[in-house]
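All values reported here derive from a predicted model rather than from experimental measurement. These values consider heavy atoms only, across backbone and side chains, with no hydrogens, waters or symmetry-generated copies.
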Amino acid sequence: MSALRRKFGDDYQVVTTSSSGSGFNQAAPKRKRQRFVEKNGRCNVQHGNLGSETSRYLSDLFTTLVDLKWRWNLFIFILTYTVAWLFMASMWWVIAYMRGDLNKAHDENYTPCVANVYNFPSAFLFFIETEATIGYGFRYITDKCPEGIILFLFQSILGSIVDAFLIGCMFIKMSQPKKRAETLMFSEHAVISMRDGKLTLMFRVGNLRNSHMVSAQIRCKLLKSRQTPEGEFLPLDQLELDVGFSTGADQLFLVSPLTICHVIDTKSPFYELSQRSMQTEQFEIVVILEGIVETTGMTCQARTSYTEDEVLWGHRFFPVISLEEGFFKVDYSQFHATFEVPTAPYSVKEQEDMLLMSSPLIAPAVSNIKEKNNSVDCLDSLDDISTKMPPKLQKITGREDLPRKLLRMSSTTSEKAYSMGDLPMKLQRISSVPGNSEEKLVIKTTKMISDPMSQSVADLPPKLQRLSGGRMDGNLPPKLRKMNSDRFT
């Protein structure tokens with residue numbers, strides 16, 4: 001059996017093949033993709049190929065030492081003091097050797113540079129007694145050694161610098177508020193469900209200590225790879241998730257566990273996220289909680305993240321606060337627990353589209369559009385008929401734009417009829433009073449029809465007027481009567 005490792009984006013899958021060539025058999029399930037931020041807040045990023053940029057770490061040596069792990073800090077601490085002590089002890093031994101104090105140490109008439117220094121161990125003990133200000137009184141500097149006085153001043157200055165640097169580094173590392181973040185809890189999963197009538201992404205935070213986090217603030221980042229319209233690929237593009245910045249809800253009074261909410265709306269990056277699309281999406285939600293530790297006054301930051309498989313659709317958190325006699329009790333055994341609630345599997349965009357299609361205001365709008373199209377078609381057909389008539393008949397029929405005006409008036413009337421359904425009931429009752437606009441419209445239309453007919457008869461010669469007898473349709477030839485009837489129907 002041989003194993004093949006296939007990479008799909010950020011996911012890996014192990015597939016085995018048999019030597020008999022029977023095909024591929026999946027031997028292991030799909031592994032979880034690599035996280036950008038671990039659940040404990042550690043950023044899973046390694047910097048490589050720095051080249052000459054590594055010298056920048058030495059320019060900020062103090063921060064570099066503080067950022068090192070404890071084992072390296074202790075190693076550097078012990079090594080620095082050991083080297084400094086051996087170096088200074090060697091300097092004292094060299095002075096004693098050059099002056100010949102080692103050979104005349106037991107001569108009572110000789111005054112050495114440092115009394116009772118016979119060899120290197122005695123020189124080392126003298127340095128330790130001087131550096132630690134122990135002062136046993138057995139070994140001391142005499143006034144016959146100016147070079148020893150200068151070395152003593154150098155030793156004091158160098159020792160103060162080493163103490164300030166190393167002890168300060170150890171103190172800063174011990175007082176770092178990173179361990180304070182261990183008592184700040186985040187829920188293992190984030191949930192998506194309805195809250196206050198809106199689809200909301202929620203997760204929970206809690207503080208295990210009685211000491212408060214002063215000025216606690218929470219922020220959320222969405223990490224998701226995307227491609228711009230110009231074709232540029234942006235790996236791990238960071239988008240801001242609003243968790244109450246505009247309303248001040250991101251400022252937390254973290255005494256008891258709180259549920260942090262992100263409302264999914266048109267401005268949210270999850271506007272098109274549905275339960276089905278979550279199975280194919282790849283994203284990571286990074287949560288950052290910052291605050292000042294009440295006991296030390298130092299800023300503390302706690303981090304965690306949620307991948308797409310850690311977001312539960314249609315779930316809600318169990319309540320953890322209960323009222324006891326004289327106090328409120330927090331049950332942290334239910335801190336991570338969730339339960340299912342009825343939630344539509346559609347995205348906010350899909351829900352808005354379905355609500356828009358089911359709205360009763362769309363039907364009148366569609367009917368108005370169809371009515372206007374029919375009116376335009378009728379006007380076009382009448383224009384074609386009028387252009388085919390002889391010029392004399394066009395003159396007899398009177399004004400040529402009459403049918404177009406009538407159809408425009410009729411279409412306006414139909415539009416008003418459709419639009420009355422959208423008015424309030426009081427306005428509809430006022431509009432439906434007899435003798436109002438509808439009767440005036442009929443009278444006006446009849447008048448407009450009779451006026452061009454009377455003008456057209458008056459324009460005829462007297463002989464034709466007598467033949468028409470007030471109505472010329474009966475005296476016209478059959479072909480003209482047919483064309484005239486088609487003109488007004």
Is it true that, when you exclude Y57 itself, more than 12 heavy atoms of the residues, nucleotides or ligands shown sit nearer than 6.0 Å to its OH? no
So do D265 and V348 actually touch side chain to side chain, heavy atoms under 4.5 Å? no
Looking only at heavy atoms, the pair that brings S274 and E350 closest together is CB-OE1, 4.2 Å
Taken to the nearest 0.5 Å, the spacing of C220 SG from I288 CD1 works out to 8.5 Å
Please check if the side chain of N73 supplies one atom and the backbone of L65 the other of a donor-acceptor pair under 3.5 Å. yes
Test side-chain contact (heavy atoms from CB on, under 4.5 Å) on R195 and M202 and set out the steps. CA-CA 10 Å; R195 170 172 282 196; M202 295 173 285; 3.7 Å; yes
Taking all atoms of both residues into account, what is the closest heavy-atom pair of T64 and D60, and its distance? OG1-O, 2.8 Å
With the side chain counted from C-beta on, respond yes when L199 and W313 share a heavy-atom pair under 4.5 Å apart, and no when they do not. yes
Does any pair with a residue in residues 199-237 pass ring-ring contact (aromatic ring centres under 6.0 Å, His included), and if so which ones, sequence neighbours excluded? F203-Y306
Between V243 and V287, is there a side-chain heavy-atom distance shorter than 4.5 Å? no
How long is the span from the CG atom in L125 to the CD1 atom in I134, to the nearest 0.5 Å? 9.5 Å
Quick one: does any side-chain atom of E310 pair with a main-chain N or O of A190 as donor and acceptor, under 3.5 Å? no
Partners passing salt bridge (charged side-chain N to carboxylate O under 4.0 Å, His left out) against R71 (at least two apart in sequence or in another chain): none
Report the distance from atom CG of L158 to atom CE of M91, rounding to the nearest 0.5 Å. 11.0 Å
Non-hydrogen atoms of A89 and A123 that approach each other most closely: O-CB, 3.9 Å
Using the ring-ring contact (aromatic ring centres under 6.0 Å, His included) definition, which of the options F126, F127, F120 pairs with W92? F126
What residues form a salt bridge (charged side-chain N to carboxylate O under 4.0 Å, His left out) with E188, not counting sequence neighbours? none
Taking the side chain as C-beta and beyond, is there a heavy-atom pair between E131 and Q155 under 4.5 Å? yes
The test is side-chain contact (heavy atoms from CB on, under 4.5 Å); show your working for V311 and I192 and say whether it passes. CA-CA 7 Å; V311 179; I192 294 180; 3.7 Å; yes
Quick one: does F186's side chain get under 4.5 Å of R204's, heavy atoms only? no
Side-chain (S175) to main-chain (I172) donor-acceptor, under 3.5 angstrom: yes
Could you give the distance from NZ (K267) to CG (L241), rounded to the nearest 0.5 Å? 14.5 Å
Applied to residues 237-255, the salt bridge (charged side-chain N to carboxylate O under 4.0 Å, His left out) test, sequence neighbours excluded, yields K221-E240, R226-D237
Checking T200 side chain against K198 main chain: does a donor-acceptor pair fall under 3.5 Å? yes
Should we count CZ of F124 as having more than 12 external heavy atoms under 6.0 Å? yes
Under 3.5 Å, side chain of T133 to main-chain N/O of E129, donor-acceptor pair present? no
So, T304 side chain and K39 main chain: donor-acceptor pair closer than 3.5 Å or not? yes
Whether over 12 other heavy atoms sit under 6.0 Å from Y81 OH: yes
Can you see whether R35 engages S305 through a side-chain donor-acceptor pair at a distance of less than 3.5 angstrom? yes
Taking atom types as modelled and ignoring hydrogens, do the side chains of Y346 and E352 form a donor-acceptor contact shorter than 3.5 angstrom? no
Between A181 and Q301, which heavy-atom pair has the shortest distance, and what is it? CB-O, 3.9 Å
H262 and S268 side chains, donor-acceptor separation under 3.5 Å: yes
Could you report the tightest heavy-atom contact between L236 and F36, atom names first, then the distance? CD1-CD1, 3.4 Å
Take a 6.0 Å sphere around CZ of F245 and say whether it holds more than 12 heavy atoms from other residues, nucleotides or ligands. no
Would you check if Y332 and M185 make a side-chain contact, meaning some heavy-atom pair closer than 4.5 Å? yes
Using a cut-off of 6.0 Å, state whether more than 12 heavy atoms not belonging to F87 lie near its atom CZ. no
Would you please indicate yes or no on a ring centroid separation below 6.0 angstrom for F335 and F317? no
Would R276 and E281 pass as an ion pair if we require N to O under 4.0 Å? no
Does CG belonging to N210 count more than 12 external heavy atoms closer than 6.0 Å? no
Distance-only, no hydrogens or angles: does the N40 side chain make a donor-acceptor pair with backbone N or O of R42 under 3.5 Å? yes
Set of ring pair (Phe, Tyr, Trp, His ring centres under 6.0 Å) partners for F62, sequence neighbours left out: F165
Hey, is the main chain of F283 close enough, under 3.5 Å, to the side chain of E308 for a donor-acceptor pair? yes
Under the side chain to side chain donor-acceptor pair (under 3.5 Å) rule, collect the residues that match up with S347, sequence neighbours excluded. none
Decide whether R219 and Q217 meet the rule of one side-chain donor and one side-chain acceptor closer than 3.5 Å. no
Criterion side-chain contact (heavy atoms from CB on, under 4.5 Å) on L289 and L254, from CA distance to verdict: CA-CA 11 Å; L289 175 61; L254 196 57; 4.0 Å; yes
Rounded to the nearest 0.5 angstrom, the OG-CD distance for S193 and E340 is 11.5 Å
Between CE of M88 and OG of S156, what distance do you get to the nearest 0.5 Å? 8.5 Å
R316 versus T338: any side-chain heavy-atom pair under 4.5 Å? no
Atom NZ of residue position K173 - does it have more than 12 heavy atoms of other residues, nucleotides or ligands inside 6.0 Å? yes
Does S277 use its side chain to pair, donor to acceptor, with the backbone of L273 at less than 3.5 Å? no
Quick one: are E38 and C43 in side-chain contact, heavy atoms under 4.5 Å? no
So does F339 have more than 12 non-hydrogen atoms from other groups sitting under 6.0 Å from CZ? yes
Is the backbone of F77 close enough, under 3.5 Å, to the side chain of T80 for a donor and an acceptor to pair up by distance? no
Give the C-alpha distance, both sets of side-chain angles, the deciding distance and a yes or no for side-chain contact (heavy atoms from CB on, under 4.5 Å) between E294 and M213. CA-CA 6 Å; E294 187 180 30; M213 292 289 294; over 6 Å; no
Considering all heavy atoms of both residues, which atom of Q351 and which atom of A344 are nearest to each other, and what is their separation? NE2-CB, 3.8 Å
For E272, is there an ion pair with K349 - N to carboxylate O distance below 4.0 angstrom? yes
